[in-house]
Amino acid sequence: MSENGDTEEVPIIKIPNSKRIECLNKIFQDEFHSKPAFVVRVPGRVNIIGEHIDYCGYPVLPMALEQDILIAVGLTNDHRVYLRNSNCKYSSIDFEIKSFDDIDIKPDSNGKPFWYNYVLCGIKGALEYLNNKMKHGLQIVVDGNIPPASGLSSSSALVSAACLAFLHAQNVSLKKTDIADLCAKSERYIGTQGGGMDQAIAFLAEKYCAQYITWQPLKATAVALPEDAAFVVAHSLAEANKAATNDYNRRVIECRLAAKILVLSSGLALNEKILTLSRAQTLINKDLKEMIMLVNKYLPKTEYAKDEICKILNINEEELENTYLTPNTKHLTEFKLKQRALHVYGEALRVEEFRRTCANCVMNGKSADSNGMLNGDSKKNTLIVLGKLMSNSHDSLRNLYECSHDNLDRIVDLSVKMGVHCRLTGAGWGGCVVALCPKNIVNDYMEMLIDEYYVKHFNIEKSKARSYVFATTPNFGASIYL
Ligand code: ADP
Ligand code: NG1
Ligand code: MG
């Protein structure tokens, strides 16, 4: 196991020769009649386990994907950003940049963010960090191949790439952990109160290892995954833009309210207003299993009305709205506190068990034989334990957190029939599943999904269906190409 990232900056490396970079350069040349000064790359991610618990202060276990956002950048001497996208469905736009508080990030009339709002989030965060000191404007071409609105963190890759590009253009570099924190804060300008997992893995990822991410201070510890495990990502064909609805923020504030009530019900005096469920655990000083018992004891009801919560917290509705709720959750009247808290504490336990099982597998592997191979039975057991954790995670997300989708559940059911365990990854309500699949059946598994899910159920042509499923291994974090 290695720890990584606390002192390092984002690496600057020689630009690779690839068809994609060639195309990007050509688009840049056609648009701006010059060559880009540099290109930044920020990957998407798949979260293996630990869903909807980053904003509760609990560790998560993601890995970076090969799919990424590339941004080619040219420098200008004005204070403008000229924004283009290689995909013509994302329209071109130019902005004048005056100061960070002048950047107003507003969605369209249906409440859905414009694509360029994510770029503006990154620039706004960077400008705030720079105290509005800006030497150069930017010509930008974005090229992304992370399926958008699919739980693979295309949004954070875009925000983080924009922030990194803007800082680099002003000749400023930050430690990886600092820029990850800055990008997490920046993305909240879109309206969702994210926890920081996506930006953390975008910068702290390493090839060949997943990362166990812990908070305050942000730290990533490499986790070797079992050699005989493959991770397959499959798209459910349902997209969900997280900033277009209040589903995400509703969960965030339900967790905050649950945390507060747990602490007060435990008889503790409380100065802190906003609490995470993890902070509640620290204050109450119990282990995760005991926290689950406390949730059942102190949050017995399946739903809590706004006025009931005010009574418990001894505050009025105005204070509840202003202190605990977000602009898009202020009008809510019913809250599910027990179910959300049960998911969070259960999922936090599953992350710990997943990590421990991976570590034991590596240790046993070392003592097994000179090639580090485990004998057949222990190998099988490891995958059974990890698989069960994945399935339990999905069940909890579906039943307690209510963030699954019929399509996702269908893939999970098809997979289980073949003995493969999988779970929704990312925020949910659509998007992708991640499956833990024994390496020796990975092709059969992918073929089964292609035939049974995409072709049979959705009538999609086989060649197109193949583009929705891929096996993946842990990839590099962000870099700057010169
Ligand atoms: P995800 O799970 O992919 O992070 P989000 O709902 O958080 O989903 O963000 C998806 C949004 O990010 C898209 O609707 C789009 O506005 C933006 N986005 C993602 N990829 C790109 C891209 N390549 N170019 C432009 N915008 C993109
Ligand atoms: P996606 O699905 O990538 O938008 C979101 C949050 C994460 C985390 C997961 C659920 C943001 C930027 N990302 O991811 O912080 O809470 O959901 O585990 O808000
Ligand atoms: Mg996102």
Side-chain angles (χ1 to χ4, degrees), residues 24 42-62 65 67-71 83-93 105 107-108 110 112-122 140-162 180 183-202 213 215 233 235-236 238-245 247-249 251-252 255 276 326 343-344 347-348 351 393 396-397 401 403 423-432 434:
L24 182 61
V42 178
R45 61 101 187 95
V46 57
N47 189 21
I48 299 174
I49 196 156
E51 219 62 84
H52 284 284
I53 61 171
D54 57 347
Y55 52 80
C56 298
Y58 284 107
V60 292
L61 223 162
L65 296 173
Q67 288 86 335
D68 55 24
I69 295 275
L70 295 176
I71 293 190
L83 190 50
R84 308 287 180 267
N85 198 303
S86 64
N87 184 338
C88 58
K89 87 171 187 197
Y90 300 114
S91 55
S92 300
I93 188 157
I105 298 171
D108 68 13
N110 298 315
K112 187 173 185 257
F114 296 103
W115 80 272
Y116 51 80
N117 286 5
Y118 294 89
V119 176
L120 285 177
C121 284
I140 287 178
V141 179
V142 174
D143 179 62
N145 60 10
I146 308 164
S150 306
L152 303 181
S153 195
S154 68
S155 65
S156 307
L158 184 53
V159 171
S160 304
C183 291
K185 182 175 165 210
S186 306
E187 188 160 348
R188 293 188 193 115
Y189 289 125
I190 209 74
T192 41
Q193 294 291 312
M197 159 170 69
D198 305 347
Q199 302 83 359
I201 191 66
I213 311 262
W215 315 103
V233 175
H235 204 294
S236 69
E239 289 191 355
N241 182 295
K242 266 66 74 175
T245 70
D247 292 329
Y248 187 87
N249 280 356
R251 304 302 185 278
V252 174
C255 289
T276 61
T326 62
H343 164 75
V344 169
E347 186 78 352
V351 171
S393 168
S396 177
L397 289 160
Y401 228 68
C403 64
R423 51 179 292 279
L424 73 84
T425 187
W429 298 287
C432 294
V434 56

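Only heavy atoms go into these numbers, but all of them, side chains included; no hydrogens, no water, no symmetry mates. Just so it is clear, the structure is predicted and the values come from calculations on it, not from any experiment. Order of appearance sets the numbers: ligands from 1, and atoms from 1 within every ligand.
Closest of all the heavy-atom pairs between V344 and C255 is CG2-SG, 3.8 Å. Across all their heavy atoms, L158 and V142 have their closest contact at CD1-CG1, 3.8 Å. Closest of all the heavy-atom pairs between H343 and Y401 is CD2-CD1, 3.4 Å. Scanning both residues, A240 and W429, for their nearest heavy atoms gives CB-O, 3.4 Å. Closest approach of A157 to G44, counting heavy atoms only: CB-N, 4.5 Å. Contact detail for I71 and A162: the closest heavy-atom pair is CD1-N, 3.7 Å.
Of the protein's heavy atoms, N241 ND2, 4.0 Å lies nearest to atom 13 (C) of ligand 1. The protein non-hydrogen atom at the shortest distance from atom 6 (O) of ligand 1 is K242 N, 2.9 Å. Regarding atom 6 (C) of ligand 2, its nearest protein heavy-atom neighbour is Y248 OH, 3.3 Å. Residue, atom and distance of the protein heavy atom nearest to atom 8 (O) of ligand 1 are A149 CA, 3.2 Å. For atom 3 (O) of ligand 1, the nearest non-hydrogen atom of the protein is S154 OG, 2.6 Å. For atom 7 (O) of ligand 1, the closest non-hydrogen atom on the protein side is S155 OG, 2.9 Å. Atom 9 (C) of ligand 2 has M197 CE, 3.8 Å as its closest protein atom, hydrogens excluded (heavy atom only).
Residue-level proximity to ligand 2 for R45 is carried by the side chain, the only part with a heavy atom below 4.0 angstrom. With a 4.0 Å cut-off on non-hydrogen atoms, S156 touches ligand 2 through its side chain and not its backbone. With a 4.0 Å heavy-atom cut-off, ligand 1 is reached by the side chain of Y90 but not by its N, CA, C or O. Proximity of Q193 to ligand 2, defined as any heavy-atom pair under 4.0 Å, is not found for any part of the residue.
For the atom pair E347 CD and I53 CD1, the distance stands at 5.5 Å (nearest 0.5 Å). Between the CG atom in N117 and the OG atom in S155 there is a gap of 12.0 Å [rounded to 0.5 Å]. Distance CG/N145 to CG/N87: 11.0 Å, rounded to 0.5 Å. Distance check: E51 CD to M197 CE gives 5.0 Å after rounding to the nearest 0.5 Å. In this structure, SG in C121 is found 11.5 Å from CZ in R188, a value given to the nearest 0.5 Å.
With hydrogens and angles disregarded, no donor-acceptor distance shorter than 3.5 Å links the side chain of S150 to the backbone of L152. Of the possible donor and acceptor atoms, one in the side chain of H52 sits under 3.5 Å from a partner among the backbone N and O of A427.
Annotation for ligand 2: atoms under 4.0 Å from non-hydrogen atoms of D54 are 7 (C), 8 (C), 15 (O), 16 (O). Interface atoms of ligand 2 facing G195, defined by a heavy-atom separation under 4.0 Å, are 15 (O). Each of the following atoms of ligand 2 lies closer than 4.0 Å to a heavy atom of E187: 12 (C). Atom numbering of ligand 1 starts at 1 in the shown order; those under 4.0 Å from a heavy atom of L158 are 18 (N), 25 (C), 26 (N), 27 (C). Atoms of ligand 2 found under 4.0 Å from any heavy atom of E51 (numbered from 1 in listed order, with element): 10 (C), 18 (O). Shown in contact with K242 at under 4.0 Å from a heavy atom are these atoms of ligand 2, numbered in order with element: 1 (P), 2 (O), 4 (O). For ligand 2, the atoms sitting less than 4.0 Å from at least one non-hydrogen atom of G194 are 19 (O), numbered in the order shown with element in parentheses. Of all atoms in ligand 2, listed by their number and element, those nearer than 4.0 Å to a heavy atom of G151 are 2 (O). The ligand atoms of ligand 2 that sit less than 4.0 angstrom from a heavy atom of Y55 are 16 (O). Against a heavy-atom cut-off of under 4.0 Å, A240 is close to the following atoms of ligand 1: 6 (O).
When the heavy-atom distances from atom 25 (C) of ligand 1 to L83, I69, T245, N85 are ranked, the shortest goes to N85. Nearest to atom 12 (O) of ligand 1 by heavy-atom distance, out of F114, Y118, Y248, is Y118. Between the choices S153, A161, G144, the shortest heavy-atom distance to atom 23 (N) of ligand 1 belongs to G144.
For G431, the closest heavy-atom approach to ligand 1 does not fall below 4.0 Å. Proximity of S150 to ligand 1 is established by a heavy-atom distance of less than 4.0 Å. A heavy-atom separation below 4.0 Å is not found between A243 and ligand 1. For G151, the closest heavy-atom approach to ligand 1 falls below 4.0 Å.
At under 3.5 Å, a nitrogen or oxygen of D198, whether backbone or side chain, sits near a nitrogen or oxygen of ligand 2. Residue contacts with ligand 2: H52 is placed with a nitrogen or oxygen under 3.5 Å of a nitrogen or oxygen of the ligand (distance criterion only). Not one N or O of S155 is nearer than 3.5 Å to an N or O of ligand 2, by distance alone. For ligand 1, the polar-atom distance check finds no N/O of E187 at less than 3.5 Å from any of the ligand's N/O atoms. Any N or O atom pair closer than 3.5 Å counts here, and V142 shares no such pair with ligand 1. Taking only nitrogen or oxygen atoms, main chain and side chain alike, A427 reaches within less than 3.5 Å of ligand 2.
When side chains are defined from C-beta on, R251 counts as touching Y55, because their heavy atoms get closer than 4.5 Å. Within the 4.5 Å cutoff, the side chain of N85 has no heavy atoms near those of the D143 side chain.
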> How far apart are the C-alpha atoms of V252 and T326, what are their side-chain angles, what is the distance that settles it, and do they pass the side chain to side chain contact (heavy atoms under 4.5 Å, CB included) test?
Replying inline: CA-CA 9 Å; V252 174; T326 62; over 6 Å; no
>> Let's go through I69 and I146 carefully: what are the C-alpha distance in whole Å and the side-chain angles of both, what is the deciding distance for side chain to side chain contact (heavy atoms under 4.5 Å, CB included) to 0.1 Å, and is it a yes or a no?
In response: CA-CA 7 Å; I69 295 275; I146 308 164; 4.0 Å; yes
> Given E187 and S156, is the side-chain hydrogen bond (donor to acceptor under 3.5 Å, both in side chains) satisfied, shown in steps?
Replying inline: CA-CA 7 Å; E187 188 160 348; S156 307; 2.7 Å; yes
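In summary, an N, O or S atom of S155 is located under 2.8 Å from the Mg ion (ligand 3).
Note: Y118 and Y90 fail the aromatic proximity criterion, with ring centroids not under 6.0 Å apart.
A parallel orientation is assigned to the rings of Y116 and F114, their planes being inclined by less than 30° (bins at 30° and 60°).
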